[in-house]
Amino acid sequence: HPRFGRMVVLDHGNGWLTAYGPLARATVKQGEFVKAGERIAIAGTAGPVKKPDLHFRILKDDKEVDPMPRLPKRARK
């Protein structure tokens with residue numbers, strides 16, 4: 001996806017993938033196993049964006065999945 005620019009895709013098995021981008025740089029290598037909470041990259045910019053931001057996607061069998069029901073609940077302020 002063009003808005004992702006440089007990105008990292010994690011394969012969680014059973015058809016589940018997560019994608020993160022755009023990135024200034026990845027801190028993991030292709031094929032490397034990572035642990036929950038481990039830093040995988042440093043956010044960067046792509047296209048007309050001038051400050052770092054992060055786009056996140058969840059895919060199941062190559063189809064996008066709404067991440068909201070799968071993310072931890074956050075306390076409202």
Side-chain angles (χ1 to χ4, degrees):
H1 190 280
R3 291 196 68 191
F4 271 52
R6 184 178 295 126
M7 62 189 238
V8 166
V9 177
L10 299 181
D11 183 343
H12 299 271
N14 297 321
W16 289 97
L17 302 172
T18 52
Y20 308 82
L23 308 173
R25 71 180 176 92
T27 58
V28 294
K29 293 180 176 70
Q30 186 172 352
E32 183 176 348
F33 286 90
V34 297
K35 297 176 187 169
E38 183 177 343
R39 179 170 59 183
I40 59 171
I42 304 210
T45 60
V49 177
K50 300 296 181 218
K51 62 181 183 175
D53 64 349
L54 180 70
H55 296 270
F56 167 75
R57 290 196 175 164
I58 298 177
L59 298 107
K60 171 66 171 155
D61 299 325
D62 296 322
K63 294 182 180 158
E64 281 196 56
V65 175
D66 180 3
M68 292 308 291
R70 289 161 178 80
L71 297 175
K73 301 281 187 243
R74 297 173 95 185
R76 295 189 184 248
K77 293 180 180 184

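This chain uses plain numbering: 1 for the first residue, then up along the sequence. Fair warning: this is a prediction, and the values are worked out from it, not measured in the lab.
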Q: Supply the atom-to-atom distance E32 CD to L10 CG, rounded to the nearest 0.5 angstrom.
A: 10.5 Å

Q) Hey, are the side chains of R57 and P67 touching, using non-hydrogen atoms and a 4.5 Å cut-off? A) no

Q) Would you say T27's side chain and I40's backbone share a donor-acceptor pair under 3.5 angstrom? A) yes

(Q) If you compare all heavy atoms of G21 against all heavy atoms of M7, which two are closest, and at what distance to 0.1 Å? (A) CA-CB, 4.2 Å

Q. Does CG in D66 sit with more than 12 non-hydrogen atoms of other residues, nucleotides or ligands closer than 6.0 Å?
A. yes

Q.
The criterion is side chain to side chain contact (heavy atoms under 4.5 Å, CB included); which residues satisfy it with Q30, sequence neighbours excluded?
A. none

Q: Give a yes or no on whether the backbone of T45 and the side-chain of K51 come within a donor-acceptor separation of less than 3.5 Å.
A: no

Q: Report yes or no: does R6 contribute a side-chain atom to a donor-acceptor pair with the main-chain N or O of A24 at less than 3.5 Å?
A: yes

Q: Mind checking side chain to side chain contact (heavy atoms under 4.5 Å, CB included) for A26 and listing every partner two or more places apart, or none if nothing turns up?
A: V8

(Q) Could you measure the distance from the CD atom of E64 to the CG atom of L17? Nearest 0.5 Å is fine. (A) 11.5 Å

(Q) Would you compute the distance between atom CG of L54 and atom CD1 of I42 and round it to the nearest 0.5 angstrom? (A) 12.0 Å

Q: Of all the heavy-atom pairs spanning V65 and W16, show the shortest one and how long it is.
A: CG2-CZ3, 4.2 Å

